[in-house]
**Student:** 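Take a look at the following structure, please.
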Amino acid sequence: QESNGINMYPHHFPITTSIPNFISTYDHLESDERLPSAIHSIAGRVMEIRSRGRKMRFYAIQANGSQLQIFASIHNYHLGSDALDEFKQNHGNIRRGDIIGITGYPG
């Protein structure tokens with residue numbers, strides 16, 4: 001991946017909130033409620049990975065004693081014309097135990 005210009009092990013990922021703070025702030029949301037204007041960056045260790053076809057991934061990440069489910073869908077991914085290939089390439093590199101950073105919105 002480094003040959004493609006992707007740094008697989010970045011030294012720093014700037015977070016805007018912790019997982020416990022994110023949960024306490026947004027735990028009131030209904031299951032179908034989304035807040036796309038509330039963009040946050042969080043980081044945590046991947047505890048579980050599940051997929052639904054080629055275009056969706058679910059991650060359970062943990063940090064600071066709390067766990068959060070992350071939903072990644074190609075439909076919410078801002079990519080070019082090779083969206084599916086880029087989505088598979090990015091998500092195909094994530095393994096259980098990795099520490100990852102995510103930017104997105106609650107919902």
**Student:** Any chance you could measure Arg57, atom CZ, to Ile74, atom CD1, to the nearest 0.5 Å?
**Tutor:** 10.0 Å
**Student:** Do you know which two heavy atoms are closest between Leu68 and Ile42, and how far apart they sit?
**Tutor:** CD2-CD1, 3.2 Å
**Student:** Are a donor atom and an acceptor atom from the side chains of Thr103 and Ser41 found within less than 3.5 Å of each other?
**Tutor:** yes
**Student:** Roughly how far, to the nearest 0.5 Å, is NE2 of His75 from CE of Met56?
**Tutor:** 7.0 Å
**Student:** Could you tell me whether Arg52 atom CZ has more than 12 heavy atoms of other residues or ligands within 6.0 Å of it?
**Tutor:**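 For Arg52, atom CZ is not crowded (no more than 12 foreign heavy atoms under 6.0 Å).
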**Student:** Can Ile23 be reached from Met47 by stepping across I, L, V, M, F, W or Y side chains whose heavy atoms are under 4.5 Å apart?
**Tutor:**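 Each belongs to a different hydrophobic cluster.
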**Student:** Which heavy-atom pair separates Gly107 from Arg34 by the least distance, and what is that distance?
**Tutor:**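 Smallest heavy-atom distance, with atoms named: C-NH1, 3.6 Å.
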**Student:** Looking at OH of Tyr59 and CD1 of Ile100, how far apart are the two atoms once the value is rounded to the nearest 0.5 Å?
**Tutor:** 6.5 Å
**Student:** If I take atom CD1 from residue Ile61 and atom CG from residue Asp98, how far apart are they, to the nearest 0.5 angstrom?
**Tutor:** 12.0 Å
**Student:** Please name all residues satisfying ring-ring contact (aromatic ring centres under 6.0 Å, His included) with Phe58, sequence neighbours left out, ordered by chain then number.
**Tutor:**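 Phe58 satisfies ring-ring contact (aromatic ring centres under 6.0 Å, His included) with Phe71 once adjacent residues are dropped.
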**Student:** Ile15, Ile102: one ILVMFWY side-chain cluster at the under-4.5 Å cut-off?
**Tutor:**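 Different clusters: Ile15 never reaches Ile102 through Ile, Leu, Val, Met, Phe, Trp or Tyr contacts under 4.5 Å.
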**Student:** Report, as yes or no, whether the 6.0 Å neighbourhood of atom CD on Glu30 holds more than 12 heavy atoms from other residues, nucleotides or ligands.
**Tutor:**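 Atom CD in Glu30 is not packed in, count stays at 12 or less.
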**Student:** Using every non-hydrogen atom in the two residues, find where Gly97 and Arg45 come nearest and quote the distance to one decimal.
**Tutor:**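 For Gly97 and Arg45, the tightest heavy-atom pair comes out as O-NH1, 2.6 Å.
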**Student:** Which heavy atom in Ala43 sits nearest to a heavy atom in Ala63, and how many Å separate them?
**Tutor:**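 Shortest heavy-atom separation between Ala43 and Ala63 comes out as O-CB, 3.6 Å.
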**Student:** On a heavy-atom basis, which atom in Ala72 and which in Phe87 lie closest, and how many Å separate them?
**Tutor:**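 Nearest pair, atom of Ala72 first, then Phe87: O-CZ, 3.7 Å.
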**Student:** Give me the atom names and distance for the closest heavy-atom approach of Gly44 to Ile19.
**Tutor:**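 Minimum heavy-atom separation between Gly44 and Ile19: CA-CD1, 4.5 Å.
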**Student:** Heavy atoms, side chains only, cut-off 4.5 Å: are Leu84 and Lys55 in contact?
**Tutor:**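 In contact.
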**Student:** What residues form a salt bridge (charged side-chain N to carboxylate O under 4.0 Å, His left out) with Arg95, not counting sequence neighbours?
**Tutor:**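 So Arg95 forms no salt bridge (charged side-chain N to carboxylate O under 4.0 Å, His left out) with any residue.
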**Student:** Among residues at least two apart in sequence or on other chains, which ones pass side-chain hydrogen bond (donor to acceptor under 3.5 Å, both in side chains) with Thr25?
**Tutor:**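 Here no residue qualifies.
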